[in-house]
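All of these numbers come straight from a predicted model, not from anything done at the bench. Letters go in sequence order (proteins before strands), and every chain restarts at 1.
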Amino acid sequence: MRVRFAPSPTGHLHVGNARTALFNWLLARGQGGTFVLRLEDTDEARSTAASADGILEDLRWLGLDWDEGPDRGGEYGPYRQTERLPLYREQAARLLAAGRAYYCFCSPEALEASRQAALRDGRTPRYAGTCRHIDPALAQSRVDGGEPAAIRFHIAETEAVTFTDLVRGAITTDIEQIGDFVLLRQNGLPAYNFAVVVDDVAMGITVVVRGEDHVPNTPRQILLYRALGAEAPAFAHLSLVLGPDHAPLSKRHGASSVADFRARGILPEALRNYLALLGWSPGNDEEIVPLDELARRFRVEDVTKSAGVFDPDKLAWMNRHYVKQATADRIASLLVPHLTTAGYLAPEGAADDARRAFLEACVPVIAGTVDQLADAPARLQSVFEASSVDDVVRHLDAEGPAAAEAARAVVVAFAQVSSGRPRLTRESFREAAQQVRQMTGQKGRALFHPIRLVLTGADSGPELDLLVPAIELGAELPPSSGVPAIAGCRERAARCAAALAGA
RNA sequence: GUCCCCAUCGUCCAGAGGCCUAGGACGCGGCCCUUUCAAGGCUGAAACACGGGUUCGAAUCCCGUUGGGGACACCA
C-alpha cells in the first residue's frame, strides 16, 4: 500500500490538513505501507519555500514521518510538482496525440463571462467546448505560430461516473456535470486535476485519502486514469473540520494552524490524539490512545461521514493530561520560551543546572492546571514576582504580633519540612501545613499550595503568599542563570531569615 | 442557482433491526477530598432533527421535508 499527503505550500499547515496527514500516516503505518509526501506547488503566485519548510516542520513536530518526500527523495521522485513539469507535458502530449485532449485558445475573460452567465441562469458552469472542434493540425500551427493556448481534456464518455468511496460508499456523478477541463495551463504548468493524476499514477499511489472538498474532482480524475490507461486508486474522502459556529475552521476561530498550537504550548501528542478522535474512534470508549496504538487500530472505513466540530476544550483537556504524563525535564525546557516572553527569564540567561532544577520544581504547579504552556507564566506569577513576599514582610509589621507569629511559624514549619527532601511534593506541603496548624493554633490560617504557602491573617486582612520554596530555590540560583525577577530572592530570603531570628 | 455529501446529548465518539428505560469523553451542575486555587474521586442534567413507510419489532433499512456542509476556475 502506498498513500500520500500532498499539501500545497501556500500557507501554514491547518489542523484540517494535519488531520488528513495523520489519517494517511496512520493508515500507512498500521498496514505496513509507504507514506509519501509530495508538494503541490504549481500555483506559482501563492506557493512559497517558507511555507513548504513550515509544513514539513509541522509534520515532523507532530511525529508524522514520511518514507519519501522532497527533503529525502525516493525512487519515485522528484516530490515537488514544479520539478516534474516534463512529465506532465509528456502525458499531455500523449493525450493530445490520442485525441483525448485539444488546444484551447479561449481567453480567460470570455471563459469567465460564460461562467458568470451560467451561474446567473442557474446552470452548472462548464466549458462550452468552443475549441473542441478546431482541426488539430490547424490548432498545432496556431500554437507553433506563438498563439497562447491551454490544453483541455476531451471528455469522450457519455455515461455517469461512479466510484466507491471508502468512507462514503458509492458516489455517482452525471457526466453532464463535467465539462472539458484544463490539463495544462497557458503558462505550461499543469492544472490540479491533471497533476495529481499523473503523479499518483507515476508514484504508484494505491489509496488516496484526502478532504471531502475533493469529492467533485474525483470523477474527473477517474476519467483521466482511464484515458491514461491506468488503474485508479481507492479513494477515501474525509469530512471537513468545522469551527464552533459550524463554519470551516479558520484563523478567526483563534488557533487553527499546527504552528499556532505549538506556539501556545500544546503538546504534539495531545493535538495528534485529539485529531485522531475527531471523526474516528478505536471502536470503544477509549480516549487517550498512544500513537502506535492508533496506527494499529485505524481503519479508514471506520471514519465518520459527518463533519466534525473542533472543540478547543477537549483539546485542552487532553493537553493537560499529556502535560501531566510528560517528564518534568521536558516540560521545563518547553517552559523556557513562555517564561522568557513573560519577562521572567532573561533571554541571555545560562541554562545551567540550578536554573533547570528551579524550572523543574515549577512543573508540578503547571501540570494538570494549565490548558497550554503559554498560560504557565500567569500561573507561576507568584513564584516569579516579588510583590507577594514584600506584602508578607509588610504585613508582619502592620498586623501586629499575632500575624507576625503565624508568618514566622509558616517559615519555620516549611524550613523543617522541606530540608533534606525533594521539594514541592504534595506530601511535604501537607506536612508543613500540619505543623503550621499546630504552631499557630487558632491564630491565623496557613494553607498549603503547591510551591507556595498561603498565609491568611488571623481575622481579616488580605491573603498573603509566602513564597518559601521560591525563595529557597531562588536563593540558590547563581546570578548567571538569567532569572532576573528571582535575583532578589537572596535578599528576600535574608529578610525572612531576619524575621525568623526576631522570633 | 445547479450538482454532490451529511444528520445520536452543547461538542466529539459508541451504537452495524430486538442487548437502548441509548453508553463513554469534553464542557456544565452537585457532593467528597483539600481550611485557597487546581488536581483527583463520586454523582446529576443533557440527544436518536421532523414526517411517512418496511418489519412482530427501527437510533439502526427506504422515501420525503428541514437543517448543515462541500463543489461548480487556466487555485489546489
Asker: Do any side-chain atoms of residues 239-248 of chain A form donor-acceptor pairs under 3.5 angstrom with protein atoms, and if so which ones, sequence neighbours left out?
Answerer:
unit_1 : atom_1 : unit_2 : atom_2 : d
A:S239 : OG     : A:S306 : O      : 2.8
A:D245 : OD1    : A:A247 : N      : 3.1
A:D245 : OD1    : A:H253 : NE2    : 3.4
A:D245 : OD2    : A:R252 : NH1    : 3.2

Asker: Distance check, P atoms only: B:rG15 and B:rC20, in whole angstrom units.
Answerer: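 It comes out at 14 Å once rounded to the nearest Å.
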Asker: By salt bridge (charged side-chain N to carboxylate O under 4.0 Å, His left out), which residues pair with A:D200, not counting sequence neighbours?
Answerer: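 Salt bridge (charged side-chain N to carboxylate O under 4.0 Å, His left out) list for A:D200, sorted by chain: A:R4, A:R38.
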Asker: Scan every strand shown for a Watson-Crick or G-U wobble partner of B:rA38, both distances under 3.5 Å, and answer none if you come up empty.
Answerer: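 Its partner is none (no Watson-Crick or G-U wobble pair with both distances under 3.5 Å).
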Asker: Scan nucleotides 60-65 of chain B nucleotide by nucleotide, 5' to 3', and note B when protein non-hydrogen atoms come under 4.0 Å of the base, S if they reach only the sugar-phosphate, - if neither.
Answerer: ------
Asker: Taking only the P atom of each, what is the distance from B:rA49 to B:rA58 in whole angstrom?
Answerer: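 The same atom, P, in both gives a distance of 15 Å.
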Asker: Considering Watson-Crick and G-U wobble pairs with both distances under 3.5 Å, what does B:rA71 pair with?
Answerer: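 Looking at the geometry, B:rA71 pairs with B:rU2.
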Asker: I'd like to check the side-chain hydrogen bond (donor to acceptor under 3.5 Å, both in side chains) partners of A:N319; sequence neighbours left out, ordered by chain and number.
Answerer: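 With sequence neighbours excluded, A:N319 shows a side-chain hydrogen bond (donor to acceptor under 3.5 Å, both in side chains) to no residue whatsoever.
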Asker: On a whole-Å scale, what distance lies between the C1' atoms belonging to B:rG64 and B:rG57?
Answerer: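 Straight-line distance between the two C1' atoms is 23 Å.
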Asker: Watson-Crick or G-U wobble partner for B:rA46, using a 3.5 Å limit on both distances?
Answerer: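 Partner of B:rA46: none.
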Asker: Across all strands, who's sitting opposite B:rU21 as a Watson-Crick or G-U wobble pair, both distances under 3.5 Å?
Answerer: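 For B:rU21, the partner nucleotide comes out as none, under the 3.5 Å rule.
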Asker: Report yes if at least one side-chain N or O of A:T304 is closer than 4.0 Å to OP1 or OP2 of B:rC13; otherwise report no.
Answerer: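 It does, given that an N or O in the side chain of A:T304 lies less than 4.0 Å from OP1 or OP2 of B:rC13.
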Asker: Could you pull out all residues at least two apart from A:R89 that satisfy salt bridge (charged side-chain N to carboxylate O under 4.0 Å, His left out)?
Answerer: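 Scan of A:R89 (salt bridge (charged side-chain N to carboxylate O under 4.0 Å, His left out), adjacent residues dropped) gives none.
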Asker: A:P108: which residues meet the side chain to side chain contact (heavy atoms under 4.5 Å, CB included) condition with it, sequence neighbours left out?
Answerer: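 Applying side chain to side chain contact (heavy atoms under 4.5 Å, CB included) to A:P108 gives none.
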Asker: Please identify each residue that fulfils salt bridge (charged side-chain N to carboxylate O under 4.0 Å, His left out) with A:D213, with sequence neighbours left out.
Answerer: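 Here no residue qualifies.
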Asker: Listed by chain and number, what are the side chain to side chain contact (heavy atoms under 4.5 Å, CB included) partners of A:D285, not counting sequence neighbours?
Answerer: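 By the side chain to side chain contact (heavy atoms under 4.5 Å, CB included) rule, A:D285 matches no residue at all.
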Asker: From CG of A:D121 over to P of B:rC3, roughly how many Å is that when rounded to an integer?
Answerer: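 For the pair A:D121 CG and B:rC3 P, the rounded distance is 15 Å.
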Asker: For B:rC61, which nucleotide in any strand shown is its Watson-Crick or wobble partner with both distances under 3.5 Å?
Answerer: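 Pairing partner, where one exists within any strand: B:rG53.
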Asker: Using the benzene-type ring in the case of Trp, are the ring centres of A:F261 and A:F310 under 6.0 Å apart?
Answerer: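 Distance test on ring centres: under 6.0 Å, yes.
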Asker: Can you tell whether the side chains of A:E176 and A:R126 come within less than 4.0 Å, N to carboxylate O?
Answerer: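 Here A:E176 pairs with A:R126 in a salt bridge, since their nearest N and O are under 4.0 Å apart.
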Asker: Please list, by residue number, the residues of residues 293-303 of chain A whose heavy atoms come closer than 4.0 Å to an atom of RNA chain B; answer none if no residue qualifies.
Answerer: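 Within this stretch, nothing sits under 4.0 Å of the strand.
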Asker: For nucleotides 15-27 of chain B, give me one character per nucleotide, 5' to 3': B if any protein heavy atom sits under 4.0 Å from the base, S if the only such contacts are to the sugar-phosphate, - if neither.
Answerer: --------BBBBS
Asker: Using side-chain contact (heavy atoms from CB on, under 4.5 Å), reason through A:Y225 and A:L223 one step at a time and then give a plain yes or no.
Answerer: CA-CA 5 Å; A:Y225 278 103; A:L223 256 23; over 6 Å; no
Asker: Salt bridge or not between A:R220 and A:E157? Use side-chain N to carboxylate O under 4.0 Å.
Answerer: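 Looking at A:R220 and A:E157, the cut-off is not met.
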Asker: Classify every nucleotide of nucleotides 67-76 of chain B by which part a protein heavy atom approaches to under 4.0 Å, writing B for the base, S for the sugar-phosphate alone and - for neither, in 5'-to-3' order.
Answerer: --SSSBSBBB
Asker: Say whether A:D180 and A:H154, considering side chains only, have a donor N or O and an acceptor N or O under 3.5 Å apart.
Answerer: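 Checked: A:D180/A:H154 side chains show no N/O donor-acceptor pair below 3.5 Å.
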Asker: Applying ring pair (Phe, Tyr, Trp, His ring centres under 6.0 Å) to A:F5 and A:F35, what does each step give before you reach the verdict?
Answerer: CA-CA 8 Å; A:F5 176 58; A:F35 183 44; 7.0 Å; no
Asker: A:R297: which residues meet the salt bridge (charged side-chain N to carboxylate O under 4.0 Å, His left out) condition with it, sequence neighbours left out?
Answerer: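 Salt bridge (charged side-chain N to carboxylate O under 4.0 Å, His left out) list for A:R297, sorted by chain: A:E286, A:E293.
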Asker: For A:G279, answer base if it contacts any base atom (sugar-phosphate contacts may also be present), sugar-phosphate if it contacts only those atoms, and nothing otherwise; contact means non-hydrogen atoms under 4.0 Å.
Answerer: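 Sugar-phosphate, backbone atoms only, no base.
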Asker: Using Watson-Crick or G-U wobble geometry with both distances under 3.5 Å, which nucleotide pairs with B:rC26?
Answerer: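 Partner of B:rC26: B:rG10.
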Asker: Find the partner of B:rA16: check Watson-Crick (N1-N3 plus N6-O4 or O6-N4) and G-U wobble (N1-O2, O6-N3) distances, both under 3.5 Å, and reply none if neither fits.
Answerer: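 With both distances under 3.5 Å required, B:rA16 matches none.
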Asker: Can you check the A:F23 CZ to B:rC12 P distance for me, whole Å?
Answerer: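 Rounding to the nearest Å, CZ of A:F23 and P of B:rC12 are 14 Å apart.
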